[in-house]
Student: 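Have a look at the structure that comes next, please.
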Amino acid sequence: MNQSVIFTDLVEWNTQQQTMLFSAQVQGMNINCIVSKEKLLQLISSEQTAAEQPMLAEQALAIFERVRFDLEDIAEEMIEAEEFDPQGNITI
């Protein structure tokens with residue numbers, strides 16, 4: 001793993017947008033990484049979870065923790081490839 005990308009413990013679920021926000025630091029700069037409910041569910045595809053229904057924060061955080069390292073690897077690759085969205089975020 002590249003030590004120039006450091007992931008913080010900051011994790012926040014946006015109930016309205018059904019997205020998880022986590023942060024990375026690169027050369028002293030904070031980068032928001034955003035992952036959708038659909039991507040979280042895709043990463044645990046072996047389990048059946050109602051994708052149609054809004055996800056509660058507790059559910060989202062539990063799923064996030066189970067796939068955290070996978071998401072961090074994906075985000076790190078996107079950061080290194082400079083695949084930022086127009087707002088400067090990494091959207092997985």
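On a predicted model such as this, the values are computed, not experimentally measured, just so you know.
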Student: Taking the side chain as C-beta and beyond, is there a heavy-atom pair between V11 and R68 under 4.5 Å?
Tutor: yes
Student: Is there a path of hydrophobic side-chain contacts, each under 4.5 Å between heavy atoms of I/L/V/M/F/W/Y residues, joining F7 to I34?
Tutor: no
Student: Which heavy atom of R66 sits nearest a heavy atom of I44, and at what distance?
Tutor: NH2-CG2, 4.3 Å
Student: Any side-chain heavy atom of T91 sitting closer than 4.5 Å to one from E83?
Tutor: no
Student: Should M55 and L41 count as side-chain neighbours, where that means a heavy-atom distance under 4.5 Å?
Tutor: yes
Student: For residues 22-34, which residue pairs pass the side chain to side chain donor-acceptor pair (under 3.5 Å) check, not counting sequence neighbours?
Tutor: Q25-N30
Student: Any chance you could measure E76, atom CD, to I6, atom CD1, to the nearest 0.5 Å?
Tutor: 10.5 Å
Student: Given I92, which of I74, T19, D70 fulfils the side chain to side chain contact (heavy atoms under 4.5 Å, CB included) condition?
Tutor: I74
Student: What distance separates E72 CD from C33 SG, expressed to the nearest 0.5 Å?
Tutor: 8.5 Å
Student: For a 4.5 angstrom cut-off between non-hydrogen side-chain atoms, does L10 reach F22?
Tutor: no
Student: Working to the nearest 0.5 angstrom, can you tell me the gap between N14 CG and E12 CD?
Tutor: 7.5 Å
Student: So which atom in W13 and which in L40 form the shortest heavy-atom distance, rounded to 0.1 Å?
Tutor: CZ3-CD1, 4.0 Å
Student: How close do A24 and V5 get, heavy atom to heavy atom, and via which atoms?
Tutor: CB-CG1, 4.2 Å
Student: Verify the cluster assignment for L21 and V67: are they in a single hydrophobic cluster under the rule of side-chain heavy atoms below 4.5 Å apart?
Tutor: no
Student: Side-chain heavy atoms nearer than 4.5 Å, only ILVMFWY residues, links allowed to pass through others: does that put L56 and I63 together?
Tutor: no
Student: Once rounded to the nearest 0.5 Å, what's the spacing between atom CD1 of I90 and atom CZ of F84?
Tutor: 4.5 Å
